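Okay, structure first, notes after.
For clarity, every value in this text was computed on a predicted model and none was experimentally measured.
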Amino acid sequence: MKQFVKRVIGRAAGMMPKREEGQSGEQYRKALLVRGVWAMAFAAASLAIVKGAVEALPGSVTVSSSVNGLEIPISYVDTDKKQVALTFDAAGGNGDMTRMLEILEDHDIHVTFFVTGGWIEKYPEDVKAILEAGD
């Protein structure tokens, strides 16, 4: 858990804007405020997407893990296994979804799809195909 907290803090620190030479304290505070507003907007949009997916696909969406009784987002998995986690972001078109699912099945490859609320609404048949192809 300590390693996870250190990683989160390290990532957050790396995302903070640096105070530029000659920048006044007021300008720097404004830059921090703008970054904070963008972060809050991103968080709100992300939550709305997840909420929409959970409502559209009840029981099929996992977005967190429990560690010592605390629900946390999944950002990495500590393992000694030599393995790769393959993910697909479905946010644009649906291109060759059927063919992609066939190839994954033919090679017994397991992946994770991340889909946006708009994509779910636009391509409900592909969402069903992804669910049916899963374990």
Could you check V127 against F113 for side-chain contact (heavy atoms from CB on, under 4.5 Å), going step by step and ending with a plain yes or no?
CA-CA 10 Å; V127 173; F113 284 89; over 6 Å; no

Could you give the distance from [atom1] ([X]) to [atom2] ([Y]), rounded to the nearest 0.5 Å?
| X | Y | atom1 | atom2 | result |
| --- | --- | --- | --- | --- |
| R29 | Q27 | CZ | CD | 10.0 Å |
| I130 | M100 | CD1 | CE | 7.5 Å |
| L131 | D126 | CG | CG | 11.0 Å |

Find out if a path of hydrophobic residues (ILVMFWY) with successive side-chain heavy-atom gaps under 4.5 Å connects F88 to F114.
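No, separate clusters.
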
Could you see if V111 belongs to whatever hydrophobic cluster contains V115? Use Ile, Leu, Val, Met, Phe, Trp, Tyr and a side-chain cutoff under 4.5 Å.
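Yes, V111 connects to V115 through the hydrophobic network.
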
Evaluate the side-chain proximity of K122 to N94: yes if any heavy-atom separation is below 4.5 Å, no if none is.
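No. Closest side-chain heavy atoms not under 4.5 Å.
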
Would you say the side chain of E105 lies within less than 4.5 Å of the side chain of L101, judging by non-hydrogen atoms?
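No. Closest side-chain heavy atoms not under 4.5 Å.
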
Can you tell me if CG on D96 sees more than 12 non-hydrogen neighbours from other groups inside 6.0 Å?
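12 or below, so no.
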
